[in-house]
Amino acid sequence: MALAPYRTVAAPAEDEFTEKKSRFIGYIAPVTTEQEAAAFIESVRARHREARHNCYAYRLRQNNLARFSDDGEPSGTAGRPILEVLQREELTDICVVVTRYFGGILLGTGGLARAYTQGCKMAVTAAEILPMHPAAECTLTADYGFYGKLQNLLPQYGAVTLDTAFEGDVTVRFMLRQEQLPPFAKALEEQSAGSLAPTVLAEKYYPFP
């Protein structure tokens, strides 16, 4: 089964706002398992033991899983609005917690839903979105005479060089988008008169620029 691209965030981020004296703080983090999501949620709870609510949602590629919690807010006013933002932004392997310190003024169900939506949106905006692409991690060994050609060829196919070893020959390890592997291999074969071909070490995701 072919890998499909997805969007996540590069690192945890946060932002906050105040609505009718209630303080809302949105936290976002990349996660890949339910255990990582649970640990992130608990870390936010531990940071805000005095908060009235720590509502959350997360989406995982693993088992195409989505979970959310209103954490004591009226049903449907917190966790689901957070999840809907993640769905609209097409973000996955992601967890968002929106913490609320109650300010004494009721917001109503519509006001709560808007506030938790905004808390999630602000966290997303504060984060660096990371598009992850199906990739092939490759290695290639060539003699020094061909290395100049290789330095020109790799960028033409969007390759990202990970490391280069200069020994008896030159060995280059690089990442290549999966769809670029066949045309790159063909061009390499043509330029090396059939003597060179990339070795695929692994298929994985990579955040190409």
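A donor-acceptor distance shorter than 3.5 angstrom exists from the side chain of Asp71 to the backbone of Asn54, with no hydrogens or angles considered. Thr171 places no side-chain N or O within 3.5 Å of a backbone atom of Thr141 that could act as its donor or acceptor partner. Judged by distance alone, with hydrogens and angles left aside, the side-chain atoms of Arg7 form a donor-acceptor pair with the main-chain N or O of Glu89 at under 3.5 Å. Checked by atom type and distance alone, the side chain of Ser22 pairs as donor or acceptor with a backbone atom of Gly103 at under 3.5 Å. The closest donor-acceptor contact from the side chain of Asp70 to the backbone of Gly76 lies under 3.5 Å. In this structure, Thr33 contributes its side chain and Glu36 its backbone to a donor-acceptor pair below 3.5 Å.
With contacts defined as side-chain heavy-atom distances shorter than 4.5 Å, the pair Tyr58/Glu34 qualifies. No side-chain heavy atom of Lys121 sits under 4.5 Å from any side-chain heavy atom of Tyr116. In this structure the side chain of Val98 never reaches within 4.5 angstrom of the side chain of Tyr56, judged on heavy atoms. Taking the side chain as every heavy atom from C-beta outward, Val160 and Phe208 approach each other to under 4.5 Å.
Using modelled atom types and a 3.5 Å distance limit, the side chains of Arg59 and Thr92 yield no donor-acceptor pair. A donor-acceptor pair shorter than 3.5 Å cannot be found between the side chains of Glu90 and Tyr6. Side-chain contact, His48 with Tyr101: a donor N or O sits under 3.5 Å from an acceptor N or O. No side-chain N or O of Glu137 forms a donor-acceptor pair with one of Tyr206 less than 3.5 Å apart. Remark: the Thr77 side chain and the Glu73 side chain contain no N/O donor-acceptor pair separated by less than 3.5 Å.
The CD atom of Glu128 sits 6.0 Å away from atom CG of Leu130, with the distance rounded to the nearest 0.5 Å. The distance from the OG1 atom of Thr139 to the CZ atom of Arg173 is 8.0 Å, given to the nearest 0.5 Å.
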Practice task
Evaluate side-chain contact (heavy atoms from CB on, under 4.5 Å) for Gln178 paired with Leu181, printing each intermediate quantity in order.
Solution key: CA-CA 5 Å; Gln178 277 190 346; Leu181 182 57; 5.8 Å; no
Exercise for the section: Evaluate the ring pair (Phe, Tyr, Trp, His ring centres under 6.0 Å) criterion for residues Phe184 and Phe174: first the C-alpha distance (whole Å), next the side-chain angles of each, then the deciding distance (0.1 Å), finally the verdict. Expected result: CA-CA 12 Å; Phe184 171 77; Phe174 56 95; 5.6 Å; yes
Practice task
Check the pair Val170, Tyr144 against side-chain contact (heavy atoms from CB on, under 4.5 Å), reporting the backbone distance first and the verdict last.
Solution key: CA-CA 6 Å; Val170 182; Tyr144 283 85; 3.5 Å; yes
Exercise for the section: Quick one: do Met175 and Lys204 satisfy side-chain contact (heavy atoms from CB on, under 4.5 Å)? Show the steps, please. Expected result: CA-CA 9 Å; Met175 300 298 297; Lys204 56 177 67 175; 3.7 Å; yes
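For the side-chain contact (heavy atoms from CB on, under 4.5 Å) with Ile94, the lone residue among Thr32, Val31, Ile28 that qualifies is Ile28.
For Arg61 and Tyr205, the positive end sits near the middle of the six-membered ring, less than 6.0 Å away and at most 45° from its axis.
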Listed pairs under 3.5 Å, donor-acceptor, residues 191-200 side chains, sequence neighbours left out:
residue : atom : partner : partner atom : Å
Ser192  : OG   : Leu188  : O            : 2.8
Ser192  : OG   : Ser195  : N            : 3.4
Ser192  : OG   : Leu196  : N            : 3.1
Ser195  : OG   : Ser192  : O            : 2.7

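When hydrophobic clusters are built by joining Ile, Leu, Val, Met, Phe, Trp and Tyr residues whose side-chain heavy atoms come closer than 4.5 Å, directly or via intermediates, Tyr27 is not grouped with Ile82. Following chains of ILVMFWY side-chain contacts shorter than 4.5 Å, one cannot reach Leu83 starting from Phe40, and the two form parts of different hydrophobic clusters.
When all heavy atoms are compared, the tightest approach of Ala113 to Pro81 is O-CB, 3.9 Å.
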